[in-house]
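This one's a predicted model, so the numbers in the text were calculated from it and none came from an experiment.
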Amino acid sequence: MPTREKARVMDGEAVRRALERIAHEIVEKNAGIEGLVLVGIRRRGVPLAMRLAGRIRAIEGGSVPVGVLDITLYRDDVGLGGHQPQVYQTDIPFPVTGQKVVLVDDVIFTGRTVRAAMDAIMDLGRPASVQLAVLLDRGHRELPVRPDYVGKSVPTSRREMVKVRLTETDGEDGVVILEKS
Amino acid sequence: MQGKDLLGLEDMSRAAIEEILDTAGPMREIMHRGIKKVPALRGRTVVTLFYEASTRTRVSFELAAKYLSCDTVGVAAAASSVTKGESLKDTARTLAAMQPDIIVLRHPRPGAAALLAREVPAGVVNAGDGAHEHPTQALLDLFTVREAKGRIEGLKVAIIGDIAHSRVARSDIWGFSRLGARVFLAGPATLMPEAVEETGARVVPLGEALYDADVVIMLRLQLERQQQGLLPDLREYAAMFGLNRERLAMARPDALVMHPGPMNRGLEITPEVADGPRSLVERQVENGVAVRMAVLYLMAGGGAKTHDALD
Amino acid sequence: MTLLIEGGRIVDTVGQVLRRGDVLVKDGRIAAVGKVDAGDDVRVLPAEGLLVAPGLIDLHTHLREPGFEAKETILTGTRAAIKGGFTCVLAMPNTRPAIDSGAVAAYVARAASDWARVIPVGAVTRGREGRELSPMGELKEAGVLAVSDDGRSVAAAGLMRNAMRYARMLDLLVISHCEDETLSAGGAMNEGYTATRLGLPGIPAAAEEVMVARDIILAGETGCRLHIAHVSTAGSVGPVDNTLNTPLVKLKNRFGPGLPTRVAKLPALVAPAPLNSVKVCPAVKVPFVTMLKTPS
């Protein structure tokens, strides 16, 4: 679908500063890194989680385990006609029971992805708590889900598309808003 | 996936096969969790309709369905109305009226799955139709090899035994050839089907098949072949075609040993080799569940496309 | 040890009779043939007026051992063979037990090395009963080079085809005794006027020809090497000059020159004696004998 870039909401520097701040907030809110684990939601939540772990290590000196979660099999729109979405590997090589799990994703929109991610985490164990860190909150929640850590809040219209670019997946850092042309 | 059913690999495209293999990996991870269940196919119903006795394949399919949160119903033909003379068509129509989403069929006649697929709107998975095809077995074989070797393209695959009566052999021939392996067949001349080289596989003496092979697939020998006048006796078969350590040494040192099971230890394969370090027989069983999960998942939606964000 | 066989009429391996000459044997091997000057310190065997030939091979003998030692034994059979110049015989498997296992085959092969070399012929089917294949792989290991159910045919075409495929895999020759027992059943002599006159049940030529045709077709299809034993009817062989339209001629034409079939003509034991004093199976037939005598 042809689109055109309407606005650049964050540039590379803004992304880096936001992640730095979120890393500090995570450490502060949890009084350190004891019992803390990060779980990145595929796809772009994964490099973000890795970067946060790196920032946290720089801040606290210790390392936080990072897992990869694919929520495809927990989606609420599976098999509703048309093709099934592609499934990717989930890799969480540590127990989640009793841990403070911080879910990491690039954008929160309706909240359905987070709901699916929470269901998945619950099937893997019984965490002490689940928190949510996102780079961008674009509004329009359809479920009662709220992030604990937000890089930036940007109101958008439903017709718009928000595109997060990361060096690891797209070659550069930035967040843009697109609309159909 | 092409179409609503999985009937065989003969006409399956490379892309469709790889789609299933790519999906099976993530599915297998679920089998190792404490809670072996994801809600992906919640509320779907899978009926296993088996006209031939089978424990492993049926359990494999039923577990695959349950891990995806399907409801399952198992029909064993001996206990069912089939013994009262109900035809496959009538059984199909009766079941179809109860609105299952997927029917898994194993039947002694070739083409039975295709017949069922025409009669019911449900998706039909062929779990073995006579000597024709057993696609999920070949898919799990492909998955196992691809995982162990990193690829299928260019590998030398030897399939040994009663090729004439084997649906596994046929599906393996189609699947491995489609993905670019070189397939070699060996076995007693009385158990080698006519014109099989037209599939692209080559029929060669046992030594030539094993020499430098990357994968050795041993087929089960049905014990009644002796009564049917096709073999003198099992002892001679074991002596001439059984896979023992000496014969295995002709293959590459890192060759994989596989068997669709159940194995006749001491007949087509010695216990030493069957339980040896290169045998992947148990891994095949594990992968079977994962591959069947992938098949059911893809069938429920009609195929995968690039992930759209849920939000 | 050196032996000079002097002055005989030498027959070579394709049956040509050469002129008179000598044969020099050194350390168990033939060293020279023709006009040989062997020097001294040589044992001389004068052969003036005698035929000097390589040891003959009889492709079809019944040594009756194990099981029928009252009729013949390997010892008596091979001694008789040697007396006739046959240094190697193929022993048919209609013994008791039949040569359908490696153990019996090895026994027969070992039994008479002093007199003649015995190559056992393995049975095609277990016990020669025509129901299950015999373990030809094991038989080959024990020294068998050919298989046959001689004395009987393999009645079921399906089983014969499997047997030929299996034998071909092992490169074994199949020697076929061609007789459809449902046609020859109860017969005591050839069908014909004499049988009618005497009131004896007769054996039709078709009993042999039907099986010959079948086995040739199956051999052509499976690629198995086939030898048809003791042919006795004109219909089986076809005429010497190929003018008659017999089934075999048609089959040969269909499969072409590569057909691995050899047909054994009944040996010219057809002596001047009246035919009804010669009792063999299959029974000899007059038209066939006439055909054999026709110069080729």
Original post:
Should the heavy atoms of other residues, nucleotides or ligands under 6.0 Å from CD1 of C/Ile57 be counted, would the total exceed 12?
Top reply: no
**OP:** Identify the heavy atoms of B/Gly229 and C/Asn162 that sit nearest to each other, and give their distance.
**Re:** O-ND2, 3.1 Å
Original post:
By a 4.5 Å heavy-atom criterion (distance strictly below it), what part of B/Leu191 contacts chain C: side chain, backbone, both, or neither?
Top reply: neither
Subject >> Flag if over 12 foreign heavy atoms under 6.0 Å of CD, B/Glu198 >> reply: no
Original post:
Near B/Glu282 CD, under 6.0 Å, is it more than 12 heavy atoms from other residues, nucleotides or ligands?
Top reply: no
Original post:
Counting distance only, does the side-chain N/O of C/Glu138 pair as donor-acceptor with the main-chain N or O of B/Glu236 below 3.5 Å?
Top reply: no
Original post:
Among B/Met192, B/Gln228, B/Arg235, which has the most heavy-atom pairs under 4.5 Å with chain C?
Top reply: B/Arg235
Original post:
What's the spacing between B/Leu230 CG and C/Arg161 CZ if we round to 0.5 Å?
Top reply: 10.0 Å
Original post:
Do any of residues 146-158 of chain C have a heavy atom less than 4.5 Å from a heavy atom of chain B, and if so, which, in residue order?
Top reply: none
Original post:
Do other residues, nucleotides or ligands put more than 12 heavy atoms under 6.0 Å from B/Arg58 CZ?
Top reply: yes
Subject >> Residue-level contacts of residues 122-133 of chain C with chain B, using a heavy-atom cutoff under 4.5 Å >> reply: C/Arg126, C/Arg131, C/Glu132, C/Leu133
Original post:
Could you give the distance from CE (B/Met240) to CE (C/Met169), rounded to the nearest 0.5 Å?
Top reply: 3.5 Å
